Amino acid sequence: LLMWKLDASERIAHWRDFRNSLENLPLEQAINQTVQFWNTAPFTPYYLDPLNSENWPDPWTLIYENYYCDVAKVLGIVYTIALTSHKNNLDVEIRVYKDPITRHEYNLAWFNQGKYIINMIDNEIVNNTQFDKNLKLVKSYTATELQIEKYNN
């Protein structure tokens with residue numbers, strides 16, 4: 001049974017167990033497993049506004065509400081890693097890019113200055129050498145701006 005079909009308290013407990021399973025993995029493996037985990041979340045279009053982080057939920061509200069648009073999945077990935085000991089070796093950003101030709105928007109988790117870029121290609125981790133330089137940065141949010149550190153207390 002997928003976590004997403006459980007009731008809210010069971011989802012939150014399952015998510016905690018998943019985060020605990022990442023603790024002893026190397027960072028890249030933890031990120032890879034987190035990407036695979038979030039790739040199974042059901043997709044809900046237009047749940048969160050990528051340009052207004054003021055209305056983004058905290059980690060537990062995100063899991064509780066159980067709606068996952070592109071932004072929410074990236075936020076879930078960032079929260080998942082940030083709520084493990086891997087946060088100590090991680091520079092975290094969420095970046096919003098737009099393709100000037102297709103107008104497609106990319107909501108990306110950007111770890112360690114682009115060493116790990118998540119949500120560019122489904123279920124894959126790319127890095128800044130593979131990144132399309134024609135995309136235009138629209139907005140970026142640092143871990144500090146997202147107030148991620150307050151969730152670790």
Side-chain angles (χ1 to χ4, degrees), residues 1-99 102-112 114-127 130 138-143 145-153:
L1 179 67
L2 287 175
M3 166 185 139
W4 320 108
K5 296 197 183 295
L6 301 171
D7 73 34
S9 61
E10 291 173 316
R11 273 196 312 278
I12 290 169
H14 189 280
W15 184 54
R16 180 201 58 227
D17 294 344
F18 175 74
R19 292 191 326 270
N20 289 339
S21 77
L22 303 174
E23 289 293 345
N24 296 318
L25 297 178
L27 176 61
E28 189 165 339
Q29 198 176 348
I31 290 173
N32 202 6
Q33 289 205 11
T34 301
V35 168
Q36 290 174 23
F37 176 84
W38 280 96
N39 200 46
T40 67
F43 183 73
T44 306
Y46 310 114
Y47 172 57
L48 300 177
D49 179 353
L51 304 180
N52 184 4
S53 65
E54 299 286 315
N55 297 328
W56 292 358
D58 66 54
W60 299 275
T61 304
L62 180 72
I63 301 295
Y64 179 85
E65 291 179 343
N66 211 30
Y67 296 111
Y68 306 105
C69 64
D70 216 32
V71 179
K73 283 189 178 190
V74 165
L75 195 56
I77 289 167
V78 167
Y79 284 157
T80 299
I81 298 292
L83 290 168
T84 70
S85 59
H86 291 293
K87 71 182 179 298
N88 302 327
N89 311 313
L90 205 58
D91 171 45
V92 175
E93 285 179 78
I94 291 179
R95 292 186 174 189
V96 181
Y97 283 89
K98 190 163 254 176
D99 185 317
T102 66
R103 311 299 293 154
H104 183 80
E105 195 169 84
Y106 295 90
N107 300 291
L108 308 175
W110 192 278
F111 294 136
N112 291 358
K115 182 174 182 183
Y116 308 103
I117 301 171
I118 293 120
N119 210 31
M120 184 81 213
I121 300 169
D122 277 347
N123 213 19
E124 277 188 45
I125 299 169
V126 299
N127 64 46
Q130 301 160 292
V138 177
K139 188 93 171 132
S140 77
Y141 305 95
T142 63
E145 290 168 324
L146 295 170
Q147 301 180 352
I148 287 175
E149 69 284 346
K150 76 180 181 186
Y151 305 126
N152 285 304
N153 298 329

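No experiment lies behind these values; they were computed from the predicted model shown.
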Colleague: Does Arg11 make a cation-pi contact with Trp15 (under 6.0 Å, within 45 degrees of the axis)?
Modeller: no
Colleague: Might you confirm whether atom CD of Glu28 has over 12 heavy atoms from other residues, nucleotides or ligands at distances under 6.0 Å?
Modeller: no
Colleague: Atom CG of Leu48 and atom OH of Tyr67: how far apart are they, to the nearest 0.5 Å?
Modeller: 12.0 Å
Colleague: Could you report the tightest heavy-atom contact between Cys69 and Pro45, atom names first, then the distance?
Modeller: CB-C, 4.3 Å
Colleague: Can you give me the closest heavy-atom contact between Ile117 and Asn127, atom names plus distance?
Modeller: CD1-C, 3.6 Å
Colleague: Indicate yes or no for a side-chain donor-acceptor contact from Glu23 to the backbone of Asn20 under 3.5 Å, with no hydrogens or angles considered.
Modeller: no
Colleague: State whether the side chain of Trp4 and the backbone N or O of Thr40 hold a donor-acceptor pair below 3.5 Å, judged by distance alone.
Modeller: yes
Colleague: Pair Val138, Leu51 - check side-chain contact (heavy atoms from CB on, under 4.5 Å), show working.
Modeller: CA-CA 8 Å; Val138 177; Leu51 304 180; 3.7 Å; yes
Colleague: Compare every heavy atom of Ser140 with every heavy atom of Arg95, then report the nearest pair and how far apart it is.
Modeller: CG-CB, 3.8 Å
Colleague: Under a 3.5 Å distance rule, please check whether Lys139 uses its side chain to pair with a backbone N or O of Pro50 as donor and acceptor.
Modeller: no
Colleague: Decide if atom CG of Asp17 counts as having more than 12 heavy atoms of other residues, nucleotides or ligands within a radius under 6.0 Å.
Modeller: yes
Colleague: Does atom CZ of Phe43 have more than 12 heavy-atom neighbours, drawn from other residues, nucleotides or ligands, at distances under 6.0 Å?
Modeller: yes
Colleague: Can you name the nearest heavy-atom pair linking Thr80 to Arg19, along with the distance?
Modeller: O-CD, 3.7 Å
Colleague: Would you compute the distance between atom CD of Gln36 and atom OG1 of Thr34 and round it to the nearest 0.5 angstrom?
Modeller: 9.5 Å
Colleague: Rounded to the nearest 0.5 Å, what's the gap from CD1 on Ile77 to CG on Asn39? Could you check?
Modeller: 8.0 Å
Colleague: Decide if atom CZ of Phe37 counts as having more than 12 heavy atoms of other residues, nucleotides or ligands within a radius under 6.0 Å.
Modeller: yes
Colleague: Can you name the nearest heavy-atom pair linking Leu62 to Leu75, along with the distance?
Modeller: CD2-C, 4.3 Å
Colleague: Which atom names give the shortest non-hydrogen contact between Ile81 and Thr84, and what distance separates them?
Modeller: O-OG1, 2.8 Å
Colleague: Output yes when a side-chain donor or acceptor of His86 lies under 3.5 Å from a complementary backbone atom of Leu25, and no otherwise.
Modeller: yes
Colleague: Starting at CD1 of Ile63, measure out to CG of Leu6 and round the result to the nearest 0.5 Å.
Modeller: 11.0 Å
Colleague: Should Val71 and Trp56 count as side-chain neighbours, where that means a heavy-atom distance under 4.5 Å?
Modeller: yes
Colleague: When you compare the side chains of Asn66 and Tyr68, does any donor N or O come within less than 3.5 Å of an acceptor on the partner?
Modeller: yes
Colleague: Sequence neighbours excluded and cut-off under 3.5 Å, please list the side-chain donor-acceptor pairs for residues 103-112, or say none.
Modeller:
| unit_1 | atom_1 | unit_2 | atom_2 | d |
| --- | --- | --- | --- | --- |
| Asn107 | ND2 | Asp70 | OD2 | 3.3 |
| Asn112 | OD1 | Asp91 | N | 2.7 |
| Asn112 | ND2 | Asn89 | O | 3.3 |

Colleague: Rounded to the nearest 0.5 Å, what's the gap from CD on Gln147 to CG on Asp58? Could you check?
Modeller: 11.0 Å
Colleague: From Asn32 CG over to Tyr116 OH, what is the distance, rounded to the nearest 0.5 angstrom?
Modeller: 10.0 Å
Colleague: Spell out, as yes or no, whether a donor-acceptor pair under 3.5 Å connects the side chain of Glu145 to the backbone of Thr142.
Modeller: yes
